[in-house]
Amino acid sequence: MKKLNLLLIICFITLNAMAQKSPSNGSISVYYGTKSKLGFDFIFGKKISWGLGVSTYLGKGAVGKNYSETIGPNAFPSDIYEVIEADNIGIYGILGSRVTSHLIIAGRLGAATRTKYYNGYDNNQILSPNGYWYTSTDAGTKVLVGAFTQYEIKKWSASFGADNFNGVTIGVGLNF
């Protein structure tokens with residue numbers, strides 16, 4: 001994470017020294033969030049910015065062999081050693097405005113899915129060779145809401161923001 005932040009800061013400072021004549025028609029951005037999320041934004045528009053985005057969880061909530069289709073969380077309750085509720089994927093709309101020819105301030109509003117993982121360990125190693133298994137259930141959805149800024153420099157852009165799904169985000173984009 002520190003290397004990614006350092007790389008993005010160096011790119012932002014280097015590209016900031018160059019001037020851009022006119023605003024772009026849109027951009028494709030990739031960002032990393034502090035809650036182990038990776039996201040993609042597709043932004044369009046010259047004065048009013050709008051678009052769509054998707055974000056997904058990079059971490060692991062489950063351990064071992066998946067038995068979600070055959071075993072429920074109540075089948076072997078004594079074997080379950082951990083219950084984790086994790087975000088899966090968020091889909092959202094983007095709406096914002098170009099404050100200057102280089103700076104966009106926008107918001108994200110959408111929905112995110114959640115899953116509950118029941119991690120278990122079978123001492124007899126019947127369910128899996130290493131003993132670890134899991135089952136999962138749907139944990140519902142939550143509203144995804146947040147904001148970000150994007151600064152454009154020629155064909156590149158740097159973004160910084162925060163929301164309740166990704167945490168604090170930092171990213172880079174390609175303008176078109």
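Computed over heavy atoms, backbone and side chain alike; hydrogens, waters and symmetry mates excluded.
- Under the 30°/60° scheme for interplanar angles, the aromatic rings of F44 and W50 are found to be tilted.
- The 12-atom threshold is not exceeded at NZ of K65, counting heavy atoms of other residues, nucleotides or ligands nearer than 6.0 Å.
- Summarising the geometry, atom CG belonging to D41 is positioned 5.0 Å from atom CZ belonging to F148; distances are rounded to the nearest 0.5 Å.
- Nearest heavy-atom pair, N164 versus K142, reported as atom, atom and distance to 0.1 Å: O-NZ, 3.3 Å.
- Atoms CD1 and OG1, on I89 and T115 in that order, are 11.0 Å from each other to the nearest 0.5 Å.
- Residues F42 and I28 meet the side-chain proximity criterion, which asks for heavy atoms closer than 4.5 Å.
- Through direct or indirect side-chain contacts shorter than 4.5 Å among Ile, Leu, Val, Met, Phe, Trp and Tyr, V143 is connected to L109, V145.
- Across every non-hydrogen atom of I94 and A106, the tightest pair is CG2-CB, 3.9 Å.
- Listed here is the closest heavy atom pair of S157 and L174: OG-N, 4.4 Å.
- With respect to the salt-bridge test (charged N to carboxylate O, under 4.0 angstrom), the residues R114 and D138 do not qualify.
- Distance check: D87 CG to E85 CD gives 8.5 Å after rounding to the nearest 0.5 Å.
- With contacts defined as side-chain heavy-atom distances shorter than 4.5 Å, the pair E152/R98 qualifies.
- Taken from OG1 in T113 to CG in N88, the straight-line distance is 4.0 Å, to the nearest 0.5 Å.
- Judged by distance alone, the side chains of Q150 and S27 do bring a donor and an acceptor atom under 3.5 Å apart.
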(message) For Y118 and I84: C-alpha separation, side-chain torsions, deciding distance, then whether side chain to side chain contact (heavy atoms under 4.5 Å, CB included) applies.
(response) CA-CA 7 Å; Y118 300 87; I84 298 173; over 6 Å; no
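- Looking at R108 and L144, their side chains come closer than 4.5 Å, going by heavy atoms from C-beta outward.
- Ring planes of Y67 and W133: perpendicular class, angle over 60° (limits at 30 and 60°).
- Residues A62 and Y117 come closest through the heavy atom pair CB-CD2, 3.6 Å.
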(message) For S136 and S68: C-alpha separation, side-chain torsions, deciding distance, then whether side-chain hydrogen bond (donor to acceptor under 3.5 Å, both in side chains) applies.
(response) CA-CA 5 Å; S136 61; S68 298; 2.9 Å; yes
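- The backbone N or O of I71 lies less than 3.5 Å from a partner atom in the side chain of T135, making a donor-acceptor pair.
- Residue I153 comes nearest to N175 through the heavy atom pair N-ND2, 4.3 Å, listed as atom of the first residue, atom of the second, then distance.
- Checked against the 6.0 Å centroid threshold, Y81 and Y121 do not count as a close aromatic pair.
- The line from OG of S49 to CD1 of I43 is 6.5 Å long, rounded to the nearest 0.5 Å.
- I48 places a side-chain heavy atom less than 4.5 Å from the side chain of L95.
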Considering only distance and modelled atom types, tabulate donor-acceptor pairs under 3.5 Å from the side chains of residues 166-173, sequence neighbours left out.
residue : atom : partner : partner atom : Å
N166    : OD1  : S55     : OG           : 2.4
N166    : ND2  : Y31     : OH           : 3.2
N166    : ND2  : D163    : OD1          : 3.1
N166    : ND2  : D163    : OD2          : 2.8
T169    : OG1  : G161    : N            : 3.4
T169    : OG1  : G161    : O            : 3.4

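- Counting heavy atoms from C-beta outward, N119 and I80 have side chains that stay 4.5 Å or more apart.
- From T100, atom OG1 reaches atom OH of Y151 across 6.0 Å, with rounding to the nearest 0.5 Å.
- Following chains of ILVMFWY side-chain contacts shorter than 4.5 Å, one can reach Y32 starting from V54, so the two form part of one hydrophobic cluster.
- Judged by a 6.0 Å distance limit and a 45° cone about the ring axis, K35 is not positioned over the six-membered ring of Y57.
- The nearest pair of heavy atoms linking V63 to Y134 is O-CD2, 3.6 Å.
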(request) Start with the C-alpha gap between D122 and Y132, add the side-chain angles, then the distance that decides, and say whether side-chain hydrogen bond (donor to acceptor under 3.5 Å, both in side chains) holds. (result) CA-CA 6 Å; D122 177 19; Y132 290 99; over 6 Å; no
